[in-house]
**Student:** 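First, the structure itself, so that you have it in front of you.
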Amino acid sequence: MSGWVAVAGLGPGDEALVTPEVSAALAQATDVVGYIPYVARVAPRAGLTLHPSDNRVELDRAGHALDLAADGRRVVVVSSGDPGVFAMASALFEALEAGPARWQDLDIRILPGITAMLAAAARAGSPLGHDFCAINLSNNLKPWPVIEKRLRLAAEADFAMAFYNPRSKARPEGFARVLEILRETCGDARPILFARAVTTAEEDLRIVPLGEARADMADMRTMVIVGSSQTRIIARARGPILYTPRSLPGDAP
Ligand code: SAH
C-alpha cells in the first residue's frame, strides 16, 4: 500500500461544516497528526492512530507526517478552518522543501476547509462583500513592525480587514496598539466585529464602533473584522446585520 499525506481543514468547529472530502480522507486514514485540540475533534476508531502534538512544533509535526507517509501510512494532518490559512499546509511544504529524497515524490493533497474569517463574516452578515484582506496579528513568526506597517497600509487602502490571532500570548499589549492604529486611521465610528468561537456552543458575536472597542474583547478564539469606509449596519429586532455593499461610489476614499 503506498502512503499519502492529506492536509485537511476541519472548519471552524461545527461538524456540519466539515467537508465530505475531509470526512472521506479521515475514513481512509491510518494516522492523524496535528495540534492537540484539533486531533481531539477526530473520532477514534480501530486502525487509526492519533498523534496529537503541542503548538509551535509545526515543522517537526510536518516532518513526522511525511516520514509516516514515506513508510506507507495514510496520514491526515489536521488544521482548524482551512489548512492553507495560517496553518499546516505551508509548514508541510517548508519541511518538504528542506527534507530528504524519500519525501519528494509523495502523494500530497491539500483539502480545503471553511476558514474562521468566512464563518465569522457569514454569522455577522456580509462584511467581506467588497475588497478585503486577512492579517495574522501574531508576532510569533514575523516581526511586529511588519504587522503595524501592513495594518496602516491596509487601513489606508480602505480594505475591510480580517484579523486572525488577535491577542498573542507573547505580546499581550499588541492588540491594544492595533486598536489605537485603527482608530487613528479609520476613526471612532467604524464598526468592528468580535466573533468568538464561531459555530461552537460558546459562540459570541459583538459589533461595536471602534471608539468603544477594548483589547479584552478579543482572545485567541476570536476573529476580529473591521469594516471598510462603506461597511454599515442594518439594525433589526432579530439582531444587527453587518455588511459591505458590492459597489463603491466614485467619491469613496
Ligand atoms: N487555519 C485556521 C486559522 C488558524 S489561526 C482557519 O483557517 O480558520 C487561529 C486563529 O483563527 C484564532 O486565533 C482565531 O483568530 C481564529 N479562529 C479559529 N477558529 C475560530 C472560531 N471558531 N471562531 C473564531 N475565530 C476562530
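What you are looking at is a predicted structure, and each value in this text was computed from that prediction instead of being measured. Counting starts at 1 for both ligands and their atoms, following the listed order. Values below: every heavy atom of this structure, side chains too, minus hydrogens, waters and symmetry copies.
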**Student:** Can you find an N/O atom of P166 closer than 3.5 Å to an N/O atom of ligand 1?
**Tutor:** no
**Student:** Within a radius of less than 6.0 Å around CD of E184, do more than 12 heavy atoms belonging to other residues, nucleotides or ligands occur?
**Tutor:** yes
**Student:** Take atom CG of D216 as the centre, draw a 6.0 Å sphere, and report whether it contains more than 12 heavy atoms from other residues, nucleotides or ligands.
**Tutor:** yes
**Student:** Is it the case that ligand 1 has an N or O less than 3.5 angstrom from some N or O of D82?
**Tutor:** yes
**Student:** Below the 3.5 angstrom mark, is there an N/O of I114, backbone or side chain, next to an N/O of ligand 1?
**Tutor:** no
**Student:** Would you find more than 12 non-hydrogen atoms of other residues, nucleotides or ligands less than 6.0 Å from E97 atom CD?
**Tutor:** no
**Student:** Report the part of A116 in contact with ligand 1, treating N, CA, C, O as backbone and CB onward as side chain, heavy atoms under 4.0 Å; options are side chain, backbone, both, neither.
**Tutor:** both
**Student:** May I ask whether N165 places a heavy atom under 4.0 Å from ligand 1?
**Tutor:** yes
**Student:** Of the listed options (M88, M220, E202), which comes nearest to atom 13 (O) of ligand 1 when hydrogens are ignored and any heavy atom counts?
**Tutor:** M220
**Student:** Would you say ligand 1 has an N or O under 3.5 Å from any N or O of Y164?
**Tutor:** no
**Student:** Closer than 4.0 angstrom: is that true for some heavy atom of A197 and an atom of ligand 1?
**Tutor:** yes
**Student:** Check the side chains of R74 and T30 for a donor-acceptor pair under 3.5 angstrom, ignoring hydrogens and angles.
**Tutor:** no
**Student:** Is the shortest N/O to N/O distance between S80 and ligand 1 below 3.5 Å?
**Tutor:** yes
**Student:** What I want to know is whether P12 and ligand 1 share at least one N or O pair that is separated by under 3.5 angstrom.
**Tutor:** yes
**Student:** Side chain or backbone, does T115 bring an N or O within less than 3.5 Å of an N or O on ligand 1?
**Tutor:** yes
**Student:** Examine Y164 together with F86 and report whether their ring centres are nearer than 6.0 Å.
**Tutor:** yes
**Student:** Return the minimal non-hydrogen interatomic distance between L10 and Y38, and the atom names on each side.
**Tutor:** CD1-O, 3.5 Å
**Student:** Is the closest heavy atom of T222 to ligand 1 under 4.0 Å?
**Tutor:** yes
**Student:** Between A195 and ligand 1, which residue portion shows a heavy-atom distance shorter than 4.0 Å: side chain, backbone, both, or neither?
**Tutor:** backbone
**Student:** Answer with side chain, backbone, both or neither: which part of R221 has a heavy atom less than 4.0 angstrom from an atom of ligand 1?
**Tutor:** backbone
**Student:** Strictly under 4.0 Å, does any heavy atom of G13 approach an atom of ligand 1?
**Tutor:** no
